[in-house]
Number of protein chains: 2
Amino acid sequence: MIFIVQQKESYIDRKVISIGVVRELTGLSDRQIRYYEERKLVFPERSKGGNRKYSFSDVKALVEIADKIEDGVQTHEIRQEKLKENRKIEQEKMRKKMLQGQLNAHFGLRN
Amino acid sequence: MIFIVQQKESYIDRKVISIGVVRELTGLSDRQIRYYEERKLVFPERSKGGNRKYSFSDVKALVEIADKIEDGVQTHEIRQEKLKENRKIEQEKMRKKMLQGQLNAHFGLRN
DNA sequence: CGTGTAAGGAATTCTGACACG
DNA sequence: CGTGTAAGGAATTCTGACACG
C-alpha cells in the first residue's frame, strides 16, 4: 500500500520577510538582493509603504543565484536557465492535464 | 506497509516576520499583539535594533488567543491552559523516552 | 557586470503613558 | 482587563547616483 502525502506548505511561498531578515538569512548584501530583483531573478512583493517582502522560496532562490554568480554565471544566463526550467515544468503539467482529459473522455471520470 | 512521513517544517518556527505583517496576517492591532506578549502568551525574538520578529506559529497562536479573549477567556487563563498542554506534551515525550530506554535495556537496540 | 557606498527621505517599529471601564 | 491613541525617537528600508572595473 502506498501513501502519497500531499504537502500544504502554505508558508514557503508567503511574501512576509523584509530585506533585513533576508540579508541575515542569506548572507548577501542589500545591494545584491536588490540587484537580482532588478535583473528579474526574484520578485518580492511590496508593503503599502513600498517595502520589499520576500518568501522563504525567494531566500532559497537568492542563495542559489549568488552561488551561480560566484561561479561566473551572468545574471541574464541565470534568467534564461529559469525560463527554460519553467517551460519544462509547464509542459509537464500540460502533459498530465491532457492525459487526464483522455482518461476522462474514455472512462467518464471526474476529478 | 506504513510510511511515516517526518516533516522538516523548518519554516513554521522561524522568527522572521515583523509586527506589521503579523498585523495584516492576523487582523489584530499592534497593541493587541504586544499586549499578548506582555502577558507571556507569545515570544517573538528581536532584531539587533530591537524590532519584534514572529514566526508563522506565532501568527497562528495569536489568532487563537484573540478568539479565546473574544469568548471572554482572560489572558492568565489562556496562559494556564498552555502550561497545562505543554506539561502534557512533555509527559508524553518522557513516557516515550522511558519506554524506548526499557526496550534498549532488554534488546540492546540503539536508536 | 556586479557590487560598494554616501545621501536624503519615507515607512516602520519602539517604549511609556494616559484614557476608558 | 484589554485596547485605543498621541508623542517622540530610533531602526529599517527606499531610490537614484557615483565609483570601480
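Chain identifiers are assigned alphabetically (A, B, ...) following the order of the sequence lines, protein sequences preceding nucleic acid strands; residue numbering begins at 1 within each chain.
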>> Strictly by Watson-Crick or wobble contacts shorter than 3.5 Å, is anything paired with C:dA10, and which nucleotide is it?
In response: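 With both distances under 3.5 Å, C:dA10 matches D:dT12.
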> Using purine N1 to pyrimidine N3 plus N6-O4 or O6-N4 for Watson-Crick, or N1-O2 and O6-N3 for G-U wobble, both under 3.5 Å, which nucleotide pairs with C:dC18?
Replying inline: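 Base partner found: D:dG4.
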Which whole-number value in Å describes the distance from [X] [atom1] to [N] [atom2]?
X	N	atom1	atom2	value
B:Ile33	C:dT12	CD1	P	14 Å
B:Arg79	D:dG2	CZ	C1'	14 Å
B:Glu24	C:dT12	CD	C1'	12 Å
A:Ile17	D:dT13	CD1	P	12 Å
A:Arg23	D:dT12	CZ	C1'	8 Å
A:Glu45	D:dT13	CD	P	17 Å
A:Leu28	C:dG2	CG	P	14 Å

> In this structure, are over 12 heavy atoms from other groups packed under 6.0 Å from B:Glu92 atom CD?
Replying inline: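 Atom CD in B:Glu92 is packed in, count exceeds 12.
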>> Could you check whether any side-chain N or O of A:Gln102 sits under 3.5 Å from a backbone N or O of A:Leu99, counting only pairs where one atom can act as donor and the other as acceptor?
In response: no
> Hey, does the side chain of B:Arg52 come within less than 4.0 Å of D:dT12's phosphate (OP1/OP2), counting only N and O?
Replying inline: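 Result: no.
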> Do the side-chain N or O atoms of B:Ser47 get closer than 4.0 angstrom to the phosphate oxygens (OP1, OP2) of D:dT12?
Replying inline: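 Yes.
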>> Could you measure the distance from the CD atom of A:Glu81 to the NE2 atom of A:His76? Nearest 0.5 Å is fine.
In response: 10.5 Å
>> To the closest 0.5 Å, what do you measure between OH (A:Tyr54) and CG (A:Asp13)?
In response: 15.5 Å
Among the nucleotides [options], which one has an atom lying closest to any side-chain atom of [X]?
X	options	answer
B:Ile19	D:dT13, C:dT13, C:dG2	C:dT13
A:Arg34	D:dT13, C:dT12, C:dG2	D:dT13
A:Asn51	D:dC14, D:dT12, D:dG2	D:dC14

> Taking for each residue the nucleotide of DNA chain C with the nearest heavy atom, is it A:Gln74 or A:Lys48 whose nucleotide lies nearer the 5' end?
Replying inline: A:Gln74
> Would you call A:Glu77 and A:Arg39 a salt bridge, taking side-chain N to carboxylate O under 4.0 Å as the test?
Replying inline: no
>> Treating primed atoms plus P, OP1 and OP2 as sugar-phosphate and everything else as base, which nucleotides of nucleotides 3-8 of chain C get B, S or - for protein heavy atoms under 4.0 Å?
In response: BBB---
> So if you build clusters from Ile, Leu, Val, Met, Phe, Trp, Tyr with side-chain heavy-atom gaps below 4.5 Å, do A:Ile65 and A:Val73 land together?
Replying inline: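 Yes, it is one cluster - the side chains of A:Ile65 and A:Val73 are joined through contacts under 4.5 Å.
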> Does B:Ile17 reach the side chain of B:Lys53, with side-chain heavy atoms less than 4.5 Å apart?
Replying inline: no
